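All remarks here apply to the structure that follows.
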Amino acid sequence: MPRADAFFENVYEAVRAIPPGRVATYGQLARLIGVPRGARAVGWALRALGGRAARKVPWHRVVAADGRIPLRAGPGPGVQRRRLRAEGVRFTSGRVDLRRHGLRA
DNA sequence: CGTATGACGAGCC
DNA sequence: AGGCTCGCCATAC
């Protein structure tokens with residue numbers, strides 16, 4: 001059972017569960033870990049992700065609810081976009097096509 | 001212990 | 001459609 005401070009771990013675990021070629025939104029992840037309104041907190045957790053730990057977590061598969069990539073993400077939005085593209089994620093007008101790559105049940 | 005901050009989201013104007 | 005404000009959650013100070 002989850003410890004009280006397992007929030008970050010839960011976030012990372014949820015992100016790790018995102019298959020290549022697919023993306024999830026902050027709010028969606030928050031919901032998966034049982035905190036429906038914790039989208040911002042999820043962002044906090046990912047931000048706390050150091051470069052070292054970032055190697056184990058596919059943070060680039062996390063985008064905003066509208067499919068757009070936050071400008072303050074990781075090393076830079078360009079990196080994230082490039083990585084997603086490398087996984088076959090399609091972009092439409094700078095936005096990820098969530099209907100096609102969104103995390104679905 | 002109260003205030004401020006932030007890789008967000010939904011609602012309103 | 002686009003932009004602004006308020007609300008939520010978990011930290012930092």
Side-chain angles (χ1 to χ4, degrees):
Chain A
M1 80 150 135
R3 291 171 347 215
D5 61 2
F7 184 80
F8 280 46
E9 296 242 345
N10 283 334
V11 173
Y12 301 148
E13 185 178 325
V15 174
R16 257 181 303 233
I18 306 173
R22 284 207 223 160
V23 299
T25 69
Y26 296 88
Q28 192 162 25
L29 290 172
R31 236 215 279 204
L32 287 175
I33 67 178
V35 189
R37 270 63 182 180
R40 292 186 90 171
V42 170
W44 210 267
L46 291 180
R47 188 208 173 288
L49 203 54
R52 175 105 161 89
R55 290 190 236 176
K56 314 178 192 175
V57 182
W59 57 269
H60 59 279
R61 300 196 190 130
V62 184
V63 300
D66 58 0
R68 206 166 279 182
I69 298 177
L71 297 175
R72 289 141 178 85
V79 176
Q80 182 169 5
R81 180 170 137 262
R82 182 151 63 81
R83 283 195 181 187
L84 287 176
R85 243 204 205 201
E87 292 184 351
V89 175
R90 241 180 196 235
F91 284 80
T92 304
S93 301
R95 293 183 264 85
V96 177
D97 189 342
L98 289 177
R99 299 216 286 198
R100 185 164 149 54
H101 301 289
L103 195 65
R104 33 196 192 218

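Just the heavy atoms: all of them, side chains too, but no hydrogens, waters or symmetry mates, feed the values below. For clarity, every value in this text was computed on a predicted model and none was experimentally measured. In what follows, chains are A, B, ... by sequence order, proteins preceding strands, each numbered from 1.
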- [ ] With the side chain of A:Ala65 defined as its heavy atoms from C-beta on, choose the nearest nucleotide among B:dG9, B:dA7, B:dT5.
- [x] B:dG9
- [ ] Shoot me the first and last contacting nucleotide of DNA chain C against chain A, ordered 5' to 3', at under 4.0 angstrom to non-hydrogen atoms.
- [x] C:dG7 to C:dT11
Open item on the list: Starting the side chain at C-beta, find the nucleotide from B:dC8, B:dG9, B:dA7 nearest to A:Arg40.
Closed with: B:dC8
Open item on the list: Between A:Tyr12 and A:Lys56 (side chain of the first, backbone of the second, donor and acceptor by atom type, cut-off under 3.5 Å), is there such a pair?
Closed with: no
Open item on the list: Can you give me the closest heavy-atom contact between A:Ala30 and A:Gly38, atom names plus distance?
Closed with: CB-C, 3.7 Å
Task: Residues A:Arg61 and A:Glu87 bridged, charged N to O under 4.0 Å - done: yes
- [ ] Give the rounded distance in Å between these two atoms: CG of A:Leu84 and P of B:dA7.
- [x] 18 Å
Task: A:Tyr12 OH - B:dA7 C1' separation (whole Å) - done: 12 Å
Task: Base B:dG6 to side chain A:Arg47, donor-acceptor N/O within 3.5 Å cut-off - done: no
- [ ] Send over the distance from A:Arg37 CZ to B:dG11 C1', rounded to a whole Å.
- [x] 13 Å
Open item on the list: In whole Å, I'd like the distance from the CZ atom of A:Arg68 to the C1' atom of B:dA7.
Closed with: 15 Å
Task: Heavy-atom neighbours of A:Arg16 CZ exceed 12 at 6.0 Å - done: yes
TODO: Spell out, as yes or no, whether a donor-acceptor pair under 3.5 Å connects the side chain of A:Gln80 to the backbone of A:His60.
DONE: yes
Open item on the list: Counting only heavy atoms from other residues, nucleotides and ligands, does the tally under 6.0 Å from CZ of A:Arg95 exceed 12?
Closed with: yes
Open item on the list: Measure CH2/A:Trp44 against C1'/B:dG9 and give the value in whole Å, please.
Closed with: 16 Å
Open item on the list: Just the rounded figure in Å: distance from P of B:dC8 to CZ of A:Arg72.
Closed with: 8 Å
- [ ] Take the protein atom CZ of A:Arg31 and the nucleotide atom P of B:dG9, then report the distance between them rounded to whole Å.
- [x] 12 Å
